[in-house]
Amino acid sequence: MVTLLEATRKSEEALRQSLLSYSKNIESLLTEDLLKYKQNKYSIFDTIKNVAGFHENLLLRQVRFSKKKYTSELMGGDFLKESEIEEFYTKGYISQIYKFPNVSNNDLLALRDEYVNHVNNVQSGFYEKKYSKFPDYVGHLYLSSVVKLLKNNYDYIVKKCMSIFNVDEDELFFSVGLFVVDESEKGVNVHQDYAYYLLDQTSPQITTPLITFHMAVSNVGASRLSLFTGTHKAILHNLTTLKYLVDHNIDIDEKLAMYCGCISNYIINKNILPYDDKNNEILTLSRISRYPQLIYILDLYKNNDIEEYQVKTEPGEFVLFDPALFHSNGASMGNINELNKNLKESIDKENISRLSIGIRVMHTRKENNHFLWMAALEKAETLWDFLDLKCKENNKLFSKENFKIRKKSDRKEFYTVLSNNKLNSSSSPWFSVNEMYNFHEQSGAYHNQ
């Protein structure tokens, strides 16, 4: 059985190699940041001067000890039991393996095939690059099979989330990512998902809590999801973690510390989200700038190692976990070049070791129209252009049909998360699950299904 320290050591080696292999790119891209660091290395912490230490996990601070309104004992049905909710808060996941009630084997095959075809169509140039802004962020916009999964299991998903967040349905929002591990079975290193969102670390408090339904679509190899129990107490961001290492004299390579700190500031100052990343630059940099977190883990758990909890899910099954928990996927840890390979090359479905879908559900009362975790503004014409293209594809496939999007919204822009169906209105800055399903249905996506 792999332990947290063993997995982290292997992750540290892979991420260190990644940083070193990208050193020339980093030095050419971050010239000004590196110069500023060399003049005063503490200047990299200026952007987090209002942050006192690590961010607390919102679910544990605000929710755990509040009176539970949505439990199976009180409401019945698909709400979680009190014991399951408490296990989620304590362990960071629920150990029971669930299965969505309305997912067939045909649905899973369709999801896999659509994902592979979409990625290959982007790589070949058949689809424009602007439609390749997933897998990690917007599978819920461009993949009809993902939208169908959300639509058909909406009530089930919502009730589970209401139980954990202890909020009403109208506060929930949805985002979906797809994650592929190829035949090499090398996966993403030990991490927290919050680490990808570097902009959050400049605020005194995080305002958007998050939970994930992690479902296997296909799983033919040794690749797995590994969770490390109880490691979700604090949210580790790159700069706050690096500052902790510096303040506590914990040894870290000076050059790599400089790289990681400057990368964080570079992304913060550009003020863009990974979704806006045209060349995977931000995704790559945010991944490798997590390096200080691995040093922190190796120090924090040196006398308190933790065995991994292996999630062994069959297609259609999922585990519900807090993405603040340290976790990894794959049978072994890949460096950044190995991980980025799947973003640059065509995919053969026969060479997929594991394809997973992560349904991220969040809620927040943050201002600016719920500018949510990893959500960005998108031009509505981008969505309409894509759906019109899908109409043409389906008209050709079903030769006698005439599919078209009959009812488009007046919205010029929208946020790239889906809202709950309670917020289904033309003035909403988001599209609801039902609206997005209806758009894909009009395109002919579900014809003959």
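Since we're looking at a predicted model, the values are computed, not measured.
The closest donor-acceptor contact from the side chain of D305 to the backbone of L5 lies under 3.5 Å. Side-chain atoms of D193 never come within 3.5 Å of backbone atoms of P323 as a donor-acceptor pair (strictly under, hydrogens ignored). With hydrogens and angles disregarded, no donor-acceptor distance shorter than 3.5 Å links the side chain of N57 to the backbone of K233. Using a distance-only test at 3.5 Å, with no hydrogens or angles considered, a donor-acceptor pair links the side chain of H55 to the main chain of S203. S264 places a side-chain N or O within 3.5 Å of a backbone atom of C260 that can act as its donor or acceptor partner. The main-chain N or O of R406 is found under 3.5 Å from a side-chain atom of Q442 such that the two form a donor-acceptor pair. A donor-acceptor pair under 3.5 Å links the side-chain atoms of T231 to the main chain of F326, judged by distance alone. Checked by atom type and distance alone, the side chain of T416 pairs as donor or acceptor with a backbone atom of A376 at under 3.5 Å. Proximity of a side-chain donor or acceptor of E82 to a complementary backbone N or O of E73 within less than 3.5 Å is not detected. Judged by distance alone, the side chain of S443 and the main-chain N or O of H440 form a donor-acceptor pair under 3.5 Å.
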Next item on the list: Start with the C-alpha gap between Y291 and E12, add the side-chain angles, then the distance that decides, and say whether side chain to side chain donor-acceptor pair (under 3.5 Å) holds.
Entry: CA-CA 7 Å; Y291 181 76; E12 187 274 336; 2.5 Å; yes
Check: Does the side-chain contact (heavy atoms from CB on, under 4.5 Å) test come out yes or no for I44 and L242, once each step is laid out?
Finding: CA-CA 10 Å; I44 60 171; L242 182 57; 3.6 Å; yes
Checklist line | Stepwise side chain to side chain donor-acceptor pair (under 3.5 Å) test for Q293 and T241 | finding: CA-CA 6 Å; Q293 296 174 27; T241 308; 4.6 Å; no
Next item on the list: With side-chain contact (heavy atoms from CB on, under 4.5 Å) as the test, would you mind laying out the steps for V319 and Y98 before giving the verdict?
Entry: CA-CA 6 Å; V319 65; Y98 300 97; over 6 Å; no
Note to self: Could you go through L172 and M162, starting from their C-alpha distance and side-chain angles, then the distance that decides it, and tell me whether this counts as side-chain contact (heavy atoms from CB on, under 4.5 Å)?
What the structure shows: CA-CA 8 Å; L172 301 177; M162 290 170 67; 4.1 Å; yes
Margin query: side-chain contact (heavy atoms from CB on, under 4.5 Å), that's the test. Do Y42 and V246 meet it? Break it down for me.
Written below: CA-CA 9 Å; Y42 293 98; V246 172; 3.6 Å; yes
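Across L198 and S289, no two heavy atoms sit closer than the pair CD2-OG, 4.2 Å. Here the closest non-hydrogen pair linking F179 and I357 is CE1-C, 4.5 Å. Shortest non-hydrogen contact noted between P101 and N153 is CD-OD1, 3.3 Å. When all heavy atoms of L58 and I206 are compared, the pair lying nearest together is CD1-O, 3.0 Å. The minimum heavy-atom distance linking L325 with G230 is given by the pair CD1-N, 3.7 Å. Nearest heavy-atom pair across T240 and V51 is CG2-CG1, 4.0 Å.
When the shell of 6.0 Å around NZ of K404 is examined, it contains 12 or fewer heavy atoms from other residues, nucleotides or ligands. Within a 6.0 Å sphere centred on NZ of K69, other residues, nucleotides and ligands contribute more than 12 heavy atoms. Applying the 6.0 Å contact sphere to CG of D410 captures no more than 12 heavy atoms from other residues, nucleotides or ligands.
Residues passing the side chain to side chain contact (heavy atoms under 4.5 Å, CB included) test with E393, sequence neighbours excluded: F126, Y127, L389, K390. By the salt bridge (charged side-chain N to carboxylate O under 4.0 Å, His left out) test, K49 pairs with no residue at all, sequence neighbours left out. Every residue two or more places apart in sequence or in another chain that forms a side chain to side chain donor-acceptor pair (under 3.5 Å) with R354 is listed here: T313, S356. Partners of Q310 under the side chain to side chain contact (heavy atoms under 4.5 Å, CB included) rule, at least two apart in sequence or in another chain, are M1, R224, E308, K312. Considering only residues two or more places apart in sequence or on other chains, K148 meets the side chain to side chain contact (heavy atoms under 4.5 Å, CB included) condition with D107, N152, Y437, Y446, Q449. K422 meets the side chain to side chain contact (heavy atoms under 4.5 Å, CB included) test with E169, D170, N420; sequence neighbours excluded.
A distance of 6.0 Å or more separates the ring centres of F318 and H214. Ring centers of Y296 and F54: under 6.0 Å apart, within the cut-off. Checked against the 6.0 Å centroid threshold, F174 and H140 do not count as a close aromatic pair. Annotation: F439 is in aromatic contact with F431 [ring centroid separation under 6.0 Å].
In this structure, the side chains of C161 and F213 come closer than 4.5 Å at one or more pairs of heavy atoms. Between L210 and L59 the shortest side-chain heavy-atom distance does not fall below 4.5 Å. N329 has its side chain within reach of V181: a pair of non-hydrogen atoms, C-beta onward, lies under 4.5 Å apart. Two residues are said to be in side-chain contact when any heavy atoms from C-beta on lie closer than 4.5 Å; H118 and N121 fail this criterion. Side-chain contact check for L239 versus N265: some heavy-atom pair is nearer than 4.5 Å. Residues I252 and P292 have side chains in contact (heavy-atom distance under 4.5 Å, counting atoms from C-beta outward). Using a 4.5 Å cut-off on side-chain heavy atoms (C-beta onward), H232 and Y93 make no contact. By the 4.5 Å heavy-atom criterion applied to side chains, L111 and L178 are counted as neighbours.
With a 6.0 Å cutoff to the six-membered ring centre and a 45° limit on the axis angle, K91 does not count as a cation-pi contact of F88.
Here M362 contributes atom CE and T212 contributes atom OG1; the two are 8.5 Å apart, rounded to the nearest 0.5 Å. Separation of atoms CD1 (I405) and CG (L387) is listed at 4.5 Å; rounding is to 0.5 Å. Atom CD in Q201 sits 14.5 Å away from atom OH in Y194 (nearest 0.5 Å). One distance of note links CG of L320 with OG of S95; it measures 11.5 Å at 0.5 Å rounding. Atom NZ of K349 is separated from atom CG of N120 by 10.5 Å, given to the nearest 0.5 angstrom. Note that the NE2 atom of H363 and the OG1 atom of T207 stand 10.0 Å from one another [nearest 0.5 Å].
With 3.5 Å as the limit, one finds no donor-acceptor pair spanning the side chains of E307 and T3.
Salt-bridge check for K10 with E6: passed, with a basic side-chain N closer than 4.0 Å to an acidic carboxylate O. Salt bridge present: R411 and E435 bring a charged side-chain N and a carboxylate O closer than 4.0 Å.
The only member of W430, Y415, F165 that meets ring pair (Phe, Tyr, Trp, His ring centres under 6.0 Å) when paired with F173 is W430.
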